[in-house]
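For ligands, and for the atoms within them, numbers begin at 1 and follow the listed sequence.
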Amino acid sequence: MTHVKHLVIGAGFAGLGMAIKLDEAGESDFLVIEKDAGVGGTWRANTYPGAACDVPSQLYSYSFAPNPSWSMSFSPQPEIEAYIKRVADSSGVLDRFRFETAVEHAAWQDDDQLWQVDLSDGSRLTAQTLISGSGGLSEPKLPDIDGIEGFQGEVFHSARWNHDIDLTGKRVAVIGTGASAIQIVPELAKVVDHLDLYQRTAPYVIPRNDRRYTGLEKLAFRHLPLVQRAYRTAIYWGREMYVPGFTLEPKLAWPAKRLALGNIAKGIKDPELRAKVTPDYEIGCKRILISNTYYPALASDTVDVVTDPIAKITGDAVVTADGTERPIDVLIVATGFFTTEQPIASRITGRTGATLAETWRETGMVAYKGTTVHGFPNLFQLVGPNTGLGHSSMVFMIESQIAYVVDAIRTMDRDGYSSVEPHRDVQTSWNDDLQRRMQRTVWNSGGCASWYLDDQGRNTTLWPRATFTFRRLLAQFDPSAYAVSTPDPIQPLPTREGVSA
Ligand code: NAP
């Protein structure tokens, strides 16, 4: 059986960044397993028309791999995917990536102090550490609508766009008005015969302050790295200004609310349509979206916004609760992802024989520092519980976690630990503190439902503090928070708590 020191799951921003930083730290014995055929993760999977990032690329990129040639302040998906590929190609780590292979199951072997991992190609590996970068937005969620399986036309999810279907001149329905849908709708409105947009909850959409970089700026980015660093820093702090409005006092977000309401007024003249698309909850409760083209598209003759709930789908139409039947050729579901139950969690079995999904059944997703989990020695999760953001770059959070994992590995090597596992009480107090802070946030109290909350209303996805606080708290691995084991003979070192369940 093959043994690697570190097994990384996923080749998106997280997995690739992890591989690069492991290599830099001299930890060259690793393997990255990726179910897709190349690097890129979510930026490879989401190829729908109009896909682009709503965080400026100067910030939404690795700090260690600045890209002087971003064309726009908010880059389109192909440019981001190309950037990730370029970073991967020049990193020298791709020889340790295995593509088109999925992790079927990983189980911790306490006697051997190893992860035993079964892969979809039938092979089995062992690894000392298991580092998951499998992504918070990787598993599309299909809506459970009566009759949808009997629809005779084409149906696909926004994250699995079917490029073989030419939508020109077609009657199309889009279900959902989240970040994906509001990018798709203006593009489809240009080509389809008719588009019905099924809106359950109106989003707040502020103007997209986008522009092309000038030749001079690009020249400066290429030759004066400090200039690009200054742009990045300015964007970072600009974004961080949102945090108090999200986490302390929603009223502080009034400038954003004014922008959003102004965006509606500018894009839509019809009072009835304006009323339909005006949200009835606090801004920030759901992700704040950005677009200059969404409202004008809704106001066009091509698009109808339907707010009556969907009752069922027939072979060729969507039927709403008021009995109206709207015939269509193609159905596009932009209904989001499984976020509060990570799909990888049912594939990872810990020290007690329970899977991560079973362990989280009662509590919701919990971890220590969003990264390690009691009962799961040597498991590190990038983009783990409560590491998501509503306002800034996930790459910043990912890099903070990568640094923590690298330091954990360095500590394990230096001090001769075969495994590290967070104490239950340390993990509990970390999460109690997060949930206490969460009560004041607009995400929990802003009067909306969102993918941030699980079915018990717990916010297990977002980070409720400044991002620089997250970075500071993860700056150094903290062995005192962990039960540690030393190899052969297996003897727990004195710790605050044993490694019992
Ligand atoms: P999402 O934000 O979860 O939105 C899903 C939409 O589908 C919501 O409008 C939801 O309505 C609706 N919906 C779900 N089930 C439904 C049902 N059964 N019937 C009717 N409507 C239903 O998903 P997303 O738009 O794919 O975005 C997910 C996240 O991905 C974003 O928040 C963002 O973090 C990321 N993303 C980022 C970008 C970007 O950077 N530009 C682009 C796309 C996605 P309710 O609101 O009523 O639940």
Side-chain angles (χ1 to χ4, degrees), residues 12-13 41-43 45-57 59-61 72-77 79-81 135-148 156-161 173-187 196-206 208 210 239 277 279-281 284-291 293-294 305-313 318-321 331-340 383 387-395 397 443 446-453 455 461-463:
F13 263 114
T42 194
W43 291 104
N46 283 270
T47 59
Y48 58 76
C53 191
D54 55 16
V55 176
S57 303
L59 185 60
Y60 196 89
S61 47
M72 318 272 299
S73 37
F74 296 90
S75 297
Q77 172 269 335
E79 245 182 84
I80 302 172
E81 189 188 352
L137 300 169
S138 61
E139 192 73 21
K141 197 173 193 174
L142 299 172
D144 184 15
I145 299 173
D146 187 23
I148 193 166
F156 51 85
H157 189 276
S158 54
R160 300 284 181 271
W161 198 266
V174 172
I175 301 178
T177 51
S180 301
I182 70 128
Q183 294 183 328
I184 292 167
V185 166
E187 295 306 309
D196 292 321
L197 175 63
Y198 289 87
Q199 170 191 284
R200 196 164 63 179
T201 315
Y204 280 100
V205 185
I206 61 174
R208 186 180 184 85
D210 202 3
R239 293 265 149 179
V277 301
D280 59 0
Y281 53 88
C285 184
K286 284 174 179 291
R287 191 180 176 97
I288 301 174
L289 311 180
I290 55 170
S291 177
T293 51
Y294 178 62
V305 179
V306 183
T307 52
D308 289 316
I310 299 171
K312 64 175 178 181
I313 291 174
V318 179
V319 183
T320 42
L331 173 61
I332 297 166
V333 293
T335 44
F337 301 87
F338 285 96
T339 52
T340 54
V383 195
T387 59
L389 299 177
H391 68 294
S392 190
S393 169
M394 278 312 294
V395 185
M397 301 299 271
W443 312 311
C448 77
S450 75
W451 63 257
Y452 301 156
L453 308 179
D455 54 9
T461 54
L462 292 193
W463 173 246

**Message:** Ring centroids only, cut at 6.0 angstrom: are Phe156 and Trp161 within range, meaning strictly under it?
**Reply:** yes
**Message:** If the condition is salt bridge (charged side-chain N to carboxylate O under 4.0 Å, His left out), which residues does Asp210 pass it with, not counting sequence neighbours?
**Reply:** Arg208
**With sequence neighbours excluded, residues passing salt bridge (charged side-chain N to carboxylate O under 4.0 Å, His left out) with Asp196** = none
**Message:** At less than 4.0 angstrom from any atom of ligand 1, which residues have a non-hydrogen atom? List them by chain and residue number.
**Reply:** Tyr48, Ala52, Cys53, Asp54, Leu137, Pro143, Ile175, Gly176, Thr177, Gly178, Ala179, Ser180, Gln183, Arg200, Thr201, Lys286, Arg287, Ala334, Thr335, Gly336, Phe337, Trp451
**Request:** Quick one: list whatever passes salt bridge (charged side-chain N to carboxylate O under 4.0 Å, His left out) with Glu139, sequence neighbours left out.
**Result:** none
**Prompt:** For the residue pair Tyr204 and Tyr281, is the inter-centroid distance of their aromatic rings smaller than 6.0 Å?
**Reply:** yes
**Message:** Could you check whether Tyr48 and His157 have their ring centres less than 6.0 Å apart?
**Reply:** no
